> 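My structure is below; once you've seen it, I'll send some questions.
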Amino acid sequence: MTKAGAPIVCAMVAATYWTLEPVVDVARDGWLKTFAIDLTIALIAVITLVAIFGVMVRESGKIARRESGHLHSTLTLVAFAMTLAVGLAAGPASEAFTWIFDYVYAPLESSLLALVAFALVDTALRRMRARSAETAVVIATAAIVMLGRAPPTNTAGTLLTPVADWLTRVPNVAGQRVLLIGAAIAACSTLLRLLLGVERDYLGARRS
Amino acid sequence: MRWLAIIALVTAIAAGIWGTRPAPRAGIAPQVTAAHAAISDVTAGELLVLAVDIDPANVPELSPFVRLTLDLALMRGAQVVTLSLTPAGAMLAERYLREALVERRATYGRDAINLGFIEGRSTAVHITGLPLQRTVTRDHAGNAIGDLPLAGRIQRLSDATVFVVAASGTPGAGEWLMQGQGRFAHAMVIATSGAEGSELVPFFASGQLAGLLGGARDVSAFADLAANDPRLYGDPGAVDYLKRLAEQMRAQRWAHLALVVCLVVGQGVYSWRGRRKGAK
Amino acid sequence: MIGQLIGLLLTFAVLSYVWRDNPLYRSAESIFVGVALGLFATFELRQVLLPRLWDRLALGPATGAAWVAVLLIILVTALMLARFVQPLEWLGRIPVAVAVGSLAGMAAAGFVRTVLVPQVGASAASLLIDDALAHERSVCLLESQPPNALTNIVCSFGPYLNQLLIFAGVAAGLVYFVFSRRENKGLQAVSRFGGWVVMVTLGVTLGFMAMAHFAVTIGRAQTMMETPGLALIALAIVVLALLCLKRDPRKGV
C-alpha cells in the first residue's frame, strides 16, 4: 500500500463500518462497537487539541514578531493559559472554573451574539429590499411570521397568529422536506465518493 | 439611518421589559402541548434523559424549559440523567440540575446524575445504546460511575421512557435526531432556539418527534402549561420563570414590530429614491 | 458582585461595537477566544482523554481486550502528532481519514434512516392514511367553537388540502432544485410553484431567526436590569475608557 493509499483505505473502512453498523449485529453491539466509539471520540478529541495548539502557536508567533495586533494575541494567550490552568488543576466542576464560565465566557458569548440583533435591524432598514417578486414573498412571509408569533396587539394576534401557524405547518414543512431530502442526497453522494476513493479533500493540498 | 434602527431596537426592548401590560396571547401550538404531555407522563421510577446542548447565549430562551422539565421529572420521582455534546452545555446542565435537586429535595447520585460532556458529536449519541457502565467511567464532577447508585440501576440510556433534548447550534438537535431517533424505542422531545425551530417541524409532522419547542414563544407556552401542574402551581421558581418569559415576550413583540417598521420604511425610501431617479 | 461587574464590563465592551470598531471590543473578543479555547482544551483533556484512556484500565475490568483497545487508541492518536515530523507526515493523515470516514458514514446512515425514508413516506402516506387527518379534523373542530357551517366545511376539507399542498410542494420543490433545464412548459410551471414554496420556507426561517436573535439581546438586557447600579457603573467605565482611547487615523480606532 502506498503512502497516499493508506489514508484513503482507512477512510473507506471507517465509512463502511458506520454505514453497515445499523444493520449488522456484530457491528451494532459488543466490543467492536465500543472500540469504534472509543477510537472516533479519542480521534476527535486529539484533532481538537492539535487545532487549539496550532492557534496558540500562531498567536505566539504574532507576539514574537511584534505584528499588528500582538497585544490582542497576548490577551488571548493569557486568557487561554489561565482558563486551562484552573481547569486542569481544579476541574470543570470547581468553583473557580465555574466562576470563569459564568462571569467571563457566558457574558462574552451572549454579548457577541446579541450584536446580531442590531445588525438584523440595520439590515432591515438599509439593505433588505423587495427587488423581485421572490424577495417580496420572503420578506412578507417573515413579517407575518414575526408578527404572528409575537403579536403587538390582540387584533393582530387574532388575525395573524393562525396565518403564521399555517405557514409554519404547511408550506414550511414542504420546503424544509425538500431541503432535508437534498441534504440527504448530498450526504449519500459524499459517502459514495469516499467509498470509491474519489473524495480526497480531507488529505490536504498534496494529493497523489 | 443606522442609528435610527439601533434606537428603535433599544426603545422596543426597554419598553417591553419595563412595560406592565401583558403581551397578547399567541396561542399554544400542538407540538408544545404534545411535548408537555410527553414529559408530564413520566411516572415514578421511569428514566428521563435530558441532553443539554445550549449555549449561554440561548439561556434566556431555553433555560426555563430545562428547569421546568427537571422540576416536573423530579417531582414525579422519575430518575433523571443529563448529558451534553458541548462543554458549555455540560456546565449549564450541572448548574440547573444542582438547583433543581435542592428545590425538589432530591439527592444527586440517587435521583439524578450529570454525565457531563461526551465528546464525539454523532458518535456520542451511540453511547446511549450501549451499556452505561461500559462506556462512561466518570460523571461531570469526576465521581466514578460505579459509586453512583442511580448508574447501577440503569442498563442503557436508550431504555429511557422519554429523551428530551434542549439544544441550539451544532452539535445539538440534528445529531440526536439523526443518530438517536428511530434507533431506540424512547419518545423524543426537542426544544431548540428559534433559529432551528422551523427546520424541525417536519419531524413532528411525520410523527418522529413526540413534541417540539422552537423558540421563546413555544417555551413561554410550555411554561404556562407546566405552571398549571398542581404540584408546581404557585411554586416560586416557576413563577419567577413565568415573569421572565412574560418580559421576554413583551419585549419580543415590540422588537418584531420595530423590525417590520424598519423593513417598511427601508422599502419606502428605496421605492421613493427609485422613482426620483426615474423622474430625472 | 465582582464577578457580576466583570461580566457587565465585558458585555458593554462587546456592545461598544455598535458605536464603532474599537480596541476595547477587540480586547473583549481576544479574551473570549482565549477562554473558549481554554474551556475546550480543559474538557478534552480532563473529561475525554483521561477517563477513556486511564480510567478504563484503572476502574473497569483490566481484560486483554481493554488493554488492546487502549493501546490502539494511543497508537492512532500518536499518529496525529507524526504530521509534525517531515518524513512521517503521511502517517498523520490516517487519523484524519478515519475521523472523516466515520462521520461521513454516520451522517449518511442517519440521513437515510431519519430523513429519506420517513420524510418521503410521510409526504405521501399522509394523503392516504386517515388517522392523522381525522386527528387534525377533531383538533380543528375543537379550536373553532362554537361550530357553524363554515367551520364544519373548513375543518372537513382543510386538513386534506393541507396535506395535498405539502405533497405538491415537496414534489415541485424537488423539481425546482433537480431540473436545471426546464424545456417543457409544464415542468416550468411546476418548478415555479416549487420556487414559491422554497421562498415561503426561507421567509418562515427568517421570521423564526429574528425571534431567536432578539431573545439573546433581550436576555442581556434582563441581566443588566437585575443589577441596575452595577450596570450603570460598568457603562460609565466603558464610556470613559472609549473616550480616553487615542484615535489613530491609520487604524480607524
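Reminder, nothing fancy here: chain letters follow the sequence lines and each chain counts from 1. Only this structure's heavy atoms are used, side chains among them; waters, hydrogens and symmetry mates stay out. This is a predicted model, so every value here is computed, not measured.
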> Can you name the nearest heavy-atom pair linking G38(C) to L84(A), along with the distance?
O-CD1, 4.2 Å

> Let's test your reading of the structure: which of G173(C), G92(C), A212(C), A168(C) forms the most heavy-atom pairs below 4.5 Å with chain A?
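Among G173(C), G92(C), A212(C), A168(C), the one with the most close pairs to chain A is G173(C).
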
> Answer yes or no: is there a donor N or O on one side and an acceptor on the other, between the side chain of T161(A) and the main chain of G148(A), under 3.5 Å?
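Such a contact is found between T161(A) side chain and G148(A) backbone.
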
> Taking S110(A) for the side chain and P107(A) for the main chain, is one N or O donor matched with an acceptor at less than 3.5 Å?
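Absent.
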
> Just checking, is any N or O donor in the side chain of E21(A) or Y17(A) under 3.5 Å from an acceptor N or O on the other one?
no

> Step by step, work out the side-chain contact (heavy atoms from CB on, under 4.5 Å) result for T40(A) and W18(A).
CA-CA 11 Å; T40(A) 315; W18(A) 283 107; 4.0 Å; yes

> Please classify the contact of V170(C) with chain A as side chain, backbone, both or neither, using a heavy-atom distance under 4.5 Å.
both

> Please say whether more than 12 non-hydrogen atoms of neighbouring residues, nucleotides or ligands are located less than 6.0 Å from CD in E95(A).
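No, because the 6.0 Å sphere around CD of E95(A) holds 12 heavy atoms or fewer from other groups.
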
> Could you have a look at L113(A), D122(A), I52(A), T190(A) and say which one has the most heavy-atom pairs with chain C under 4.5 angstrom?
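So the answer, after comparing L113(A), D122(A), I52(A), T190(A), is I52(A).
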
> What part of V145(A) is in contact with chain C, defined as an atom under 4.5 angstrom from a non-hydrogen atom: side chain, backbone, both or neither?
side chain

> Relative to chain A, which segment of L91(C) carries a heavy atom at a distance below 4.5 Å: side chain, backbone, both, or neither?
neither

> Please answer whether the main-chain N or O of A164(A) pairs with a side-chain N or O of T168(A) as donor and acceptor at a distance below 3.5 Å.
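Side chain of T168(A) to backbone of A164(A): a pair is present.
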
> Do you know the tightest heavy-atom contact between G87(A) and R46(C)?
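Heavy-atom minimum between the residues: O-CD, 3.2 Å.
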
> Checking A133(A) against chain C: side chain, backbone, both or neither under 4.5 Å from a heavy atom?
both

> Can you tell me which portion of A109(C) sits under 4.5 Å from chain A's heavy atoms? Options are side chain, backbone, both or neither.
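Contact with chain A is through the side chain of A109(C) alone.
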
> Under 4.5 Å heavy-atom distance to chain A, tell me which part of V35(C) shows up: side chain, backbone, both or neither.
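Both the backbone and the side chain of V35(C) come within 4.5 Å of chain A.
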
> Heavy-atom cut-off 4.5 Å, strictly under: side chain, backbone, both or neither for L49(A) against chain C?
side chain

> With a 4.5 Å cut-off on heavy-atom pairs, point out which of V13(A), L180(A), V170(A) contacts chain C the most.
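Answer, by heavy-atom pair count under 4.5 Å with chain C: V170(A).
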
> Given a strict heavy-atom distance threshold of 4.5 Å, which part of A90(A) is in contact with chain C: side chain, backbone, both, or neither?
backbone

> Picking from I31(C), I218(C), V48(C), which has the most non-hydrogen pairs under 4.5 angstrom with chain A?
I31(C)

> For residues 104-139 of chain A, which residue pairs pass the ring pair (Phe, Tyr, Trp, His ring centres under 6.0 Å) check, not counting sequence neighbours?
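Checked against ring pair (Phe, Tyr, Trp, His ring centres under 6.0 Å) - neighbours excluded - the pairs reaching residues 104-139 of chain A are F101(A)-Y105(A), Y105(A)-F32(C).
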
> Among the options G169(C), A210(C), G207(C), A13(C), pick out the one with the most heavy-atom pairs lying under 4.5 Å from chain A.
G207(C)

> Can you tell which part of A183(A) gets under 4.5 Å to a heavy atom of chain C, answering side chain, backbone, both or neither?
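Looking at A183(A), backbone and side chain both touch chain C.
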
> For M106(C), is it the side chain, the backbone, both, or neither that has a heavy atom closer than 4.5 Å to a heavy atom of chain A?
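Both the backbone and the side chain of M106(C) come within 4.5 Å of chain A.
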
> Specify which of V55(A), V104(A), L77(A) makes the most heavy-atom pairs with chain C at under 4.5 Å.
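If we count pairs closer than 4.5 Å to chain C, V104(A) comes out on top.
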
> Sort A89(A) into side chain, backbone, both or neither according to what part of it lies under 4.5 angstrom from a heavy atom of chain C.
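Backbone of A89(A) only, per the 4.5 Å heavy-atom cut-off to chain C.
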
> Heavy-atom distances under 4.5 Å only: say whether Q4(C) touches chain A with side chain, backbone, both or neither.
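It is both, since atoms from each part get that close.
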
> When you check the side-chain N and O atoms of S132(A) and T135(A), is any donor under 3.5 Å from an acceptor?
yes

> Can you say whether L49(C) sits under 4.5 Å from chain A via the side chain, the backbone, both, or neither, judging by heavy atoms?
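Answer is side chain: those atoms of L49(C) sit under 4.5 Å from chain A.
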
> I'd like to know which of L191(A), L120(A), L88(A) tops the heavy-atom pair count under 4.5 Å against chain C.
L88(A)

> Apply side-chain contact (heavy atoms from CB on, under 4.5 Å) to residues N172(A) and L167(A) and explain how you reach the verdict.
CA-CA 6 Å; N172(A) 172 63; L167(A) 285 169; 6.0 Å; no

> Quick check on the interface: out of S102(C), A104(C), A108(C), who has the most heavy-atom pairs with chain A under 4.5 Å?
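Among S102(C), A104(C), A108(C), the one with the most close pairs to chain A is S102(C).
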
> Once ring-ring contact (aromatic ring centres under 6.0 Å, His included) is applied, do any residues pair with F97(A), and if so which ones, sequence neighbours excluded?
none

> With only heavy atoms counted, which part of F43(C) is less than 4.5 Å from chain A, the side chain, the backbone, both or neither?
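Looking at F43(C), just its side chain touches chain A.
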
> Pick whichever of M56(A), M146(A), E134(A), E59(A) has the most heavy-atom pairs under 4.5 Å with chain C.
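Ranked by contacts with chain C, first place is E134(A).
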
> If you count heavy-atom pairs under 4.5 Å between each of Q119(C), R113(C), M80(C) and chain A, which one has the most?
Q119(C)

> Counting heavy-atom pairs under 4.5 Å to chain A, which of L174(C), V120(C), L202(C) comes out on top?
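Between L174(C), V120(C), L202(C), the count favours L174(C).
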
> If I compare all heavy atoms of I8(A) with all of G197(A), which pair ends up nearest, and what's the gap?
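Shortest heavy-atom separation between I8(A) and G197(A) comes out as CG2-CA, 3.9 Å.
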
> With only heavy atoms counted, which part of V204(C) is less than 4.5 Å from chain A, the side chain, the backbone, both or neither?
both

> Please report the shortest heavy-atom distance between G175(A) and T201(C), naming the atom on each side.
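For G175(A) versus T201(C), the nearest heavy atoms are CA-OG1, 3.1 Å.
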
> Name the region of V121(A), side chain, backbone, both or neither, that has any atom closer than 4.5 Å to a heavy atom of chain C.
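Contact with chain C is through the side chain of V121(A) alone.
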
> Checking M211(C) against chain A: side chain, backbone, both or neither under 4.5 Å from a heavy atom?
side chain

> Do side-chain atoms of S30(C) reach the backbone of S73(A) as a donor and acceptor pair under 3.5 angstrom?
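No, S30(C) side chain to S73(A) backbone: no donor-acceptor pair under 3.5 Å.
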
> Who among L39(A), L192(A), L179(A) has the most heavy-atom pairs with chain C under 4.5 Å?
L39(A)

> I need the minimum non-hydrogen distance between L81(C) and V50(A), along with the two atoms involved.
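L81(C) and V50(A) have their closest heavy atoms at CD2-CG2, 4.1 Å.
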
> Test I144(A) against W166(A) for side-chain contact (heavy atoms from CB on, under 4.5 Å), laying out the working first.
CA-CA 11 Å; I144(A) 292 170; W166(A) 181 85; over 6 Å; no

